[in-house]
Protein chains: 2
Amino acid sequence: MPSGIGDEAIAHFEPVVYRRRRVSRGERLFSANDRSGSLYAVRSGLFKTSVCDVAGRDQVTGFQMGGDLLGLDALHDGICASSATALEDSHVCAMPFNSIEAASIHLPVLRRRLYAVLAGEITRSQQMLIVLGGMNGEQRLAAFLLDMSRRFLRRGYSGSSFTLRMTRAEIGSYIGLTLETVSRLFSAFQRSGLVEVRQKQVCNLDLKRLDAILAADG
Amino acid sequence: MPSGIGDEAIAHFEPVVYRRRRVSRGERLFSANDRSGSLYAVRSGLFKTSVCDVAGRDQVTGFQMGGDLLGLDALHDGICASSATALEDSHVCAMPFNSIEAASIHLPVLRRRLYAVLAGEITRSQQMLIVLGGMNGEQRLAAFLLDMSRRFLRRGYSGSSFTLRMTRAEIGSYIGLTLETVSRLFSAFQRSGLVEVRQKQVCNLDLKRLDAILAADG
DNA sequence: CGAAGGCTTGACCGTCGTCAAATCGCGTGG
DNA sequence: CCACGCGATTTGACGACGGTCAAGCCTTCG
């Protein structure tokens with residue numbers, strides 16, 4: 001499972017004119033089918049993106065933290081394909097496509113960076129397809145925890161102890177399980193000594209053994 | 001489920017210098033971890049893309065037919081994240097990134113078209129996440145058939161009778177089921193009068209009822 | 001014409017979803 | 001500051017859907 005939409009990508013976007021915005025917990029930054037002319041860089045806080053199909057099924061497609069980008073899919077036709085909801089009080093930078101385009105004309109680095117971010121997000125989704133298409137519950141939760149661990153580590157936090165600020169239901173939606181199964185798996189992981197869980201706090205992740213769970217054929 | 005990677009997108013890429021290449025059935029156009037400097041437009045034939053994880057699990061991530069693009073994920077860092085295999089004798093146009101970049105500098109339309117294609121592929125993957133994360137077997141196969149139907153229709157063929165040139169195993173890998181389950185579902189669909197199946201030939205798809213299956217909550 | 005690969009079907013079993021109940025924790029308002 | 005209430009979480013019991021293993025048939029390609 002991959003790190004984030006655009007870890008550390010935003011450094012390259014500095015030449016772009018932007019506008020800051022505050023998003024309160026529970027508030028939506030944008031909704032599916034909105035017309036959008038901007039990308040968003042998360043400065044602080046945490047978001048989830050979700051998509052919805054004809055039957056009203058709603059599914060979480062990712063969690064974005066500081067340094068990640070939001071709103072990439074609107075580059076297709078200016079319409080948001082997903083919704084972004086703040087899971088805690090957050091700050092973002094809104095960067096208009098126009099401004100990005102304008103800046104990119106004289107900055108090949110920025111241009112290529114944008115291609116790279118988009119392509120990286122494709123790769124990220126493909127990794128999720130493997131998780132959802134070929135792994136059992138145990139492996140799905142292991143993949144999720146390892147991904148979160150890597151992302152916290154990259155941001156200078158502990159990779160083995162951190163707080164999951166999303167609910168069990170949101171985790172379950174993301175990895176294709178029900179909230180009950182997620183809860184049961186956390187309990188099982190704890191019994192196996194893979195991790196200590198107390199509500200949203202996870203401590204002392206055994207990364208080696210989680211890797212081994214992923215590598216087993218499932 | 002979405003149509004294809006870049007249906008009809010290639011028209012915008014005409015100004016780009018390209019090289020034609022023939023790919024025989026079973027041959028790989030590129031493999032994961034290859035260094036790649038090109039995108040590929042499918043001129044004729046059919047491909048599958050697949051990705052592989054640490055445990056050796058291999059999963060089909062898409063099928064590409066005439067007019068679709070291949071190799072987008074290599075824009076991330078010049079390394080292919082997936083493999084592309086021809087399912088029948090095919091022809092492609094190889095378009096070097098360099099050439100695309102060069103042409104795009106003076107062609108805003110091409111530049112935006114490339115963003116759009118990349119973003120469209122992100123949206124496509126997200127739709128697959130819904131299929132794999134939230135649907136039962138019946139709905140997965142219905143979604144697959146409706147997607148194929150739409151893509152054939154868009155290319156001027158019948159949307160209700162066509163030939164599936166991939167194997168049951170490949171279909172199953174794509175929609176997260178075993179080949180046995182795919183086979184059983186085809187038989188069940190036939191018994192229900194949703195479609196007539198004879199090997200790889202599917203005839204008289206009942207699109208309305210397939211839509212209804214998708215809309216039911218799963 | 002033969003062999004290898006693809007497809008279908010059956011029997012059985014395990015994983016995970018569903019339904020239900022109890023507990024925990026946090027935010028709110030008295 | 002404390003009590004209340006709602007949402008989140010945990011755990012249990014049960015069943016269904018889809019995976020696994022196996023056998024036989026069909027098709028296609030060499």
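From a predicted model like this one, the values you see are computed outputs, not experimental measurements. Just so we're on the same page: letters track the sequence lines, and every chain starts at 1.
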Less than 3.5 Å apart, any donor N or O on the side chain of A:T61 or A:T49 sitting next to an acceptor on the other?
yes

Passing candidate, salt bridge (Lys or Arg N to Asp or Glu O under 4.0 Å) with A:E88, options A:R165, A:R25, A:R22, A:K200:
A:R165

Between C:dT15 (P) and A:L141 (CG): distance, integer Å:
16 Å

Applying a 4.0 Å non-hydrogen cut-off, can you work out what A:G176 is touching in the nucleic acid: base, sugar-phosphate, or nothing?
sugar-phosphate

A:D89 atom CG is separated from C:dG27 atom P, nearest whole Å, by 12 Å

Any heavy-atom pair between the side chains of A:L132 and A:R140 that's under 4.5 Å?
yes

In whole Å, what is the span from the CE atom of A:M135 to the P atom of D:dG19?
16 Å

Taking side chain as C-beta onward, heavy atoms only, is B:M135 less than 4.5 Å from B:I175?
no

Between D:dT10 (P) and A:L185 (CG): distance, integer Å
11 Å

Could you check how far CD of A:Q201 sits from C1' of D:dA8, rounded to whole Å?
16 Å

Secondary structure of DNA chain C per the Watson-Crick/G-U criterion (both distances under 3.5 Å; [ ] crossing, | other strand, . unpaired) is ||||||||||||||||||||||||||||||

Do B:F186 and B:I171 touch side chain to side chain, with heavy atoms closer than 4.5 Å?
yes

Please examine the side chains of B:D147 and B:Q127, heavy atoms only from C-beta on, and report whether any two atoms are closer than 4.5 Å.
no

Only counting residues at least two apart or in another chain, list the ones meeting ring-ring contact (aromatic ring centres under 6.0 Å, His included) with B:F189.
none

Could you tell me the separation between the CZ atom of B:R140 and the P atom of D:dC17, rounded to a whole number of Å?
14 Å

Length of the CZ-P vector between B:R25 and D:dT28, whole Å:
10 Å

If you compare every side-chain N and O of A:T178 against the phosphate oxygens of C:dC16 (OP1, OP2), does one of them come in below 4.0 Å?
no

Could you give the CD1-to-P distance, from B:I175 to D:dG19, as a whole number of Å?
10 Å

Do A:M65 and A:V42 have side chains that approach each other closer than 4.5 Å (heavy atoms only, starting at C-beta)?
no

What verdict does the ring pair (Phe, Tyr, Trp, His ring centres under 6.0 Å) test give for B:Y40 and B:F30, after you've listed the backbone C-alpha separation in whole Å, the side-chain angles of each residue and the deciding distance to 0.1 Å?
CA-CA 10 Å; B:Y40 300 89; B:F30 54 79; 5.7 Å; yes

Could you list all N or O pairs between the protein and nucleotides 6-12 of chain C that sit under 3.5 Å apart?
residue: C:dC7; atom: OP1; partner: B:K200; partner atom: NZ; Å: 2.8
residue: C:dC7; atom: OP2; partner: B:R168; partner atom: N; Å: 2.9
residue: C:dT8; atom: OP1; partner: B:R168; partner atom: NH2; Å: 3.3
residue: C:dT8; atom: OP2; partner: B:R168; partner atom: NE; Å: 2.8
residue: C:dT8; atom: OP2; partner: B:S183; partner atom: OG; Å: 2.9
residue: C:dT8; atom: O5'; partner: B:S183; partner atom: OG; Å: 3.2
residue: C:dT9; atom: OP2; partner: B:S187; partner atom: OG; Å: 2.4
residue: C:dG10; atom: N7; partner: B:R184; partner atom: NH1; Å: 2.9
residue: C:dG10; atom: O6; partner: B:R184; partner atom: NH2; Å: 3.3

